[in-house]
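First the proteins, then the strands, lettered A, B, ... as listed; each starts at 1.
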Number of protein chains: 2
Amino acid sequence: MAVTIKDIAKAVGVTPTTVSMVVRGDKRISASTTEKVQKVIKEMNYRPNYIGRSLVKGRTNVIAIATGFFSNMFTVEIMRGVESKLIPTNYRVNQYATRGISEKEDEMFREILYGARPEALICISIKPSAEIIGEYQKEGLPVISIEESAEGISTVKVDNEKGAFIAVDFLVKKGRNKIGMVVGKLSGCLSGANANERLKGYKDALTMHGISYNPERVMEVGDYSFEEGVESVNRLFRRDAQFDAIFCAAGDMTAAGIIRRAQEKSLRVPEDISIIGYDDMIIASIVQPTLTTVNQPVFEMGRASIDLAMDLINKKETQKTITFQPTLVIRASA
Amino acid sequence: MAVTIKDIAKAVGVTPTTVSMVVRGDKRISASTTEKVQKVIKEMNYRPNYIGRSLVKGRTNVIAIATGFFSNMFTVEIMRGVESKLIPTNYRVNQYATRGISEKEDEMFREILYGARPEALICISIKPSAEIIGEYQKEGLPVISIEESAEGISTVKVDNEKGAFIAVDFLVKKGRNKIGMVVGKLSGCLSGANANERLKGYKDALTMHGISYNPERVMEVGDYSFEEGVESVNRLFRRDAQFDAIFCAAGDMTAAGIIRRAQEKSLRVPEDISIIGYDDMIIASIVQPTLTTVNQPVFEMGRASIDLAMDLINKKETQKTITFQPTLVIRASA
DNA sequence: TTGTATGCGTTATCAA
DNA sequence: TTGATAACGCATACAA
């Protein structure tokens, strides 16, 4: 078994209390005993057990992060930001993946709340039910949502309407007026607020430029894969509509698929058809032509979520919404 | 504060022991009290606190996973495998990123071991020092290393020699004999066993085909970025050597950079120069021409690491090495 | 079938 | 400046 505070106490000839105080750097212990205790701590390679400490302190120094999958690029970039902010703190993160099984979400959130007892919960692209939010509030445990927002919790998000707006505005100013849109699910259990907000930005930009909205030009996709990009071009071109541009609000990977399929159909990008993606992932600068896309400061959002979590934990802040601004990164595809 | 076992006990009019036994489904409690207790548990929304439970049981139901960064594609894919295997268990993972700061690694491993007290440690692409391994062994805590291997710990790896061998063998059989190699650091603190094993496979394949080894054709790179691929072509072509192929053992992203730079130099891929990558990440099927590459069953390795961890925790297995076989995925670049 | 007593590793309160 | 005692939430050996 591991060395405990008691072992140290016995070895030095003091009580556990004294050792505990030395461990925590309490100034009331004399220099001489402090030194003796620290020497034995080093020799016996003692370190405090967080479990015991958590139990008595009622604090776990853990931030829980929940999302569907930790394996997509957006989440990975968020986590990079999270990691970078976590270093100077003595907090750790515990990850919880729902894996898209929404029936089990409530159960998972309760297990986190009552079982694991983190000091804050950060949700990425998922939204706890109102009931769960109520239970977290009752326990005084702050909840932060990245991307989604809900009554009673803090939010870190990007202005999706604006992101879509600046992309479509740019296309129109380039002389395009038959602009298609590929976007995530607008309704149903897999839908998020994002898709609808981006659709609104798209419509607003069209309206502003006096272009009528044609639902035949909008295509919903389920995941954010390359293959769905390929497939969405196939399906859009079967419809009764023409296109001189496609704004892919469903991410750069799908946009890459769109470029590929367009090229296979002998359409020149951007001469015959302009394409704009969303997210500004690394893939955007690798495809040919390189992809004009809407950048979201994802790394910064990860960092902001930890800052906010710490402020909420330390009661320096109450419920708050942080909105980041997207920017258009102009490359070669539009 | 949250509901505890005591609150339930008081509400029902039994002792905490009885409630504890009901929670764990002990058959010794009568059906009638079991029912009463369960009713109140539901009403008061009670759930066992893992901290308390861990302290007394000496088990945390946590597997620690440590690596440099969780944000690269290889690690992400490992984590996907890990997540997929974790569902039916009641184990969770805690992530620890060293962020490449190797001086602090020992300290981190000790904090994990003595502070967080997981039941197993999985290291991805990093290798604990012999001293640390000794301490983990002393505590009876199994360590699994993915990619790296070391004395005294279990390993999940891919046959790197074979991966390089099949790639180079394929190139030679295609009539190439001036084959360059781009590979990770072969020595120094950032080096791994991987790079050297792949170099050996490269040399073995050349030898087998009677081609002499020319160190001028080998180029070391530090990270696995697209930019390094671009840069490595620049540097290789400044050397006193010719090339009709490049085997990029430093991953597909770097290989994509090599393709790009080769094309910029008006070299046709694969007519003038064949290129083979490593890892078979999604990028391999997106670049033009699509990339011939060495596939590693990364997802499966993640899954295997959890299976192995569970077996080690449950003493069904002692130290063990699992070696996966790479395969060559032939696409258009070679 | 249920309750009593004790302990897991740590910290906090109060007393010496 | 240090120590004795109790407590955090839970599980378990043993007693009743």
Side-chain angles (χ1 to χ4, degrees), chain A residues 1-38 40-41 44-62 90 111 113-119 139, chain B residues 1-38 40-41 44-62 90 110-111 113-119 139-140:
Chain A
M1 278 302 296
V3 179
T4 73
I5 232 171
K6 285 185 195 167
D7 302 321
I8 305 293
K10 202 174 290 176
V12 182
V14 292
T15 59
T17 306
T18 307
V19 178
S20 174
M21 293 176 86
V22 170
V23 168
R24 284 169 295 129
D26 196 307
K27 292 291 175 201
R28 286 174 299 182
I29 304 296
S30 71
S32 67
T33 41
T34 297
E35 195 180 345
K36 271 190 289 184
V37 170
Q38 278 172 340
V40 176
I41 283 179
M44 298 183 68
N45 201 6
Y46 166 79
R47 251 144 247 268
N49 177 320
Y50 297 153
I51 312 269
R53 184 177 277 182
S54 293
L55 191 58
V56 54
K57 302 253 287 187
R59 307 191 64 169
T60 51
N61 282 36
V62 165
N90 55 349
E111 288 247 338
L113 174 57
Y114 302 110
R117 304 207 70 81
E119 298 182 38
E139 292 292 325
Chain B
M1 278 302 295
V3 179
T4 74
I5 232 170
K6 284 186 196 166
D7 301 320
I8 304 293
K10 201 175 291 176
V12 183
V14 294
T15 61
T17 306
T18 307
V19 177
S20 173
M21 294 175 87
V22 169
V23 167
R24 283 168 297 125
D26 196 308
K27 292 292 176 201
R28 285 175 298 182
I29 304 297
S30 71
S32 66
T33 40
T34 297
E35 195 180 343
K36 271 190 288 184
V37 171
Q38 279 174 339
V40 177
I41 284 179
M44 299 183 67
N45 202 6
Y46 166 80
R47 249 146 249 267
N49 177 321
Y50 297 154
I51 313 267
R53 185 176 275 182
S54 292
L55 192 59
V56 54
K57 302 252 289 187
R59 309 189 63 169
T60 51
N61 282 36
V62 166
N90 54 348
R110 290 207 176 90
E111 287 247 337
L113 174 56
Y114 303 110
R117 304 205 70 81
E119 297 182 37
E139 293 291 327

Chemist: Just to confirm, is there a sub-4.0 Å distance from OP1 or OP2 of C:dC8 to any side-chain nitrogen or oxygen of B:Ser54?
Modeler: no
Chemist: Take B:Val14 and B:Leu55, find for each the nucleotide of DNA chain C with the closest heavy atom, and name the residue whose nucleotide sits nearer the 5' end.
Modeler: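 Its nearest nucleotide lies further toward 5', so the answer is B:Val14.
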Chemist: Could you give me the CA-CA distance, side-chain angles and deciding distance for B:Arg24 and B:Asp26, then say whether salt bridge (charged side-chain N to carboxylate O under 4.0 Å, His left out) is met?
Modeler: CA-CA 6 Å; B:Arg24 283 168 297 125; B:Asp26 196 308; 5.3 Å; no
Chemist: Round to the nearest Å and state the distance from A:Ile51 atom CD1 to D:dC10 atom C1'.
Modeler: 13 Å
Chemist: Which nucleotide in the list C:dT11, D:dT2, D:dC10 gets nearest to the side chain of A:Ile5?
Modeler: C:dT11
Chemist: Quick one: B:Lys36 NZ to C:dT1 P, roughly how many Å, whole number?
Modeler: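 It is 14 Å, rounded to the nearest whole Å.
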Chemist: Starting the side chain at C-beta, find the nucleotide from C:dG3, C:dT1, C:dA12 nearest to B:Thr17.
Modeler: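 Among C:dG3, C:dT1, C:dA12, the one nearest the side chain of B:Thr17 is C:dG3.
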Chemist: Could you give the CE-to-C1' distance, from B:Met21 to C:dA5, as a whole number of Å?
Modeler: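 So the CE-C1' distance, B:Met21 to C:dA5, works out to 15 Å.
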Chemist: Just the rounded figure in Å: distance from C1' of C:dC14 to CZ of A:Arg28.
Modeler: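 Result: 11 Å.
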Chemist: Counting only side-chain heavy atoms from C-beta out, which of C:dT1, D:dG9, D:dT2 sits nearest to B:Val56?
Modeler: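 Among C:dT1, D:dG9, D:dT2, the one nearest the side chain of B:Val56 is D:dG9.
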Chemist: When you look at B:Ser20 and B:Thr17, which way does the side-chain hydrogen bond (donor to acceptor under 3.5 Å, both in side chains) test go after all the steps?
Modeler: CA-CA 5 Å; B:Ser20 173; B:Thr17 306; over 6 Å; no
Chemist: Could you check which of D:dG9, D:dT1, D:dA4 has an atom nearest any side-chain atom of A:Thr15?
Modeler: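 Out of D:dG9, D:dT1, D:dA4, the nucleotide with an atom closest to A:Thr15's side chain is D:dA4.
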Chemist: When the distance from CZ of A:Arg53 to P of D:dG9 is rounded to whole Å, what number comes out?
Modeler: 18 Å
Chemist: Using 0.5 Å steps for rounding, measure from the NZ atom of B:Lys10 to the CD1 atom of B:Ile8.
Modeler: 11.5 Å
Chemist: Toward the 5' end of DNA chain C, which comes first, A:Pro16 or B:Thr34, by nearest nucleotide?
Modeler: B:Thr34
Chemist: Please pick, from D:dT1, D:dA11, C:dT2, the nucleotide with the shortest atom-to-atom distance to any side-chain atom of B:Ser20.
Modeler: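 The answer is D:dA11, which lies nearest to the side chain.
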Chemist: Atom NZ of B:Lys27 to atom P of C:dT2: distance rounded to whole Å?
Modeler: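 Distance, rounded to whole Å: 14 Å.
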Chemist: With the side chain of A:Thr33 defined as its heavy atoms from C-beta on, choose the nearest nucleotide among D:dT2, C:dT2, C:dA12.
Modeler: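 Out of D:dT2, C:dT2, C:dA12, the nucleotide with an atom closest to A:Thr33's side chain is D:dT2.
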Chemist: With a 4.5 Å cut-off on side-chain heavy atoms, are A:Thr18 and A:Ile29 touching?
Modeler: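 Answer yes - side chains close enough.
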Chemist: Would you say A:Arg24 reaches C:dT11's phosphate, i.e. side-chain N/O to OP1/OP2 under 4.0 Å?
Modeler: yes
Chemist: Can you tell me how far C1' of D:dC10 sits from CZ of B:Arg47, to the nearest Å?
Modeler: 17 Å
Chemist: Ignoring backbone atoms, establish whether A:Lys57 has a side-chain N or O less than 4.0 Å from OP1 or OP2 of D:dA7.
Modeler: no
Chemist: Hey, does the side chain of A:Tyr46 come within less than 4.0 Å of C:dT10's phosphate (OP1/OP2), counting only N and O?
Modeler: yes
Chemist: If I take atom CD1 in residue A:Ile29 and atom C1' in nucleotide D:dT2, what distance separates them, rounded to the nearest angstrom?
Modeler: 6 Å
Chemist: Any chance you could lay out the side chain to side chain contact (heavy atoms under 4.5 Å, CB included) test for B:Val19 and B:Val12, step after step, and finish with the verdict?
Modeler: CA-CA 9 Å; B:Val19 177; B:Val12 183; 5.6 Å; no
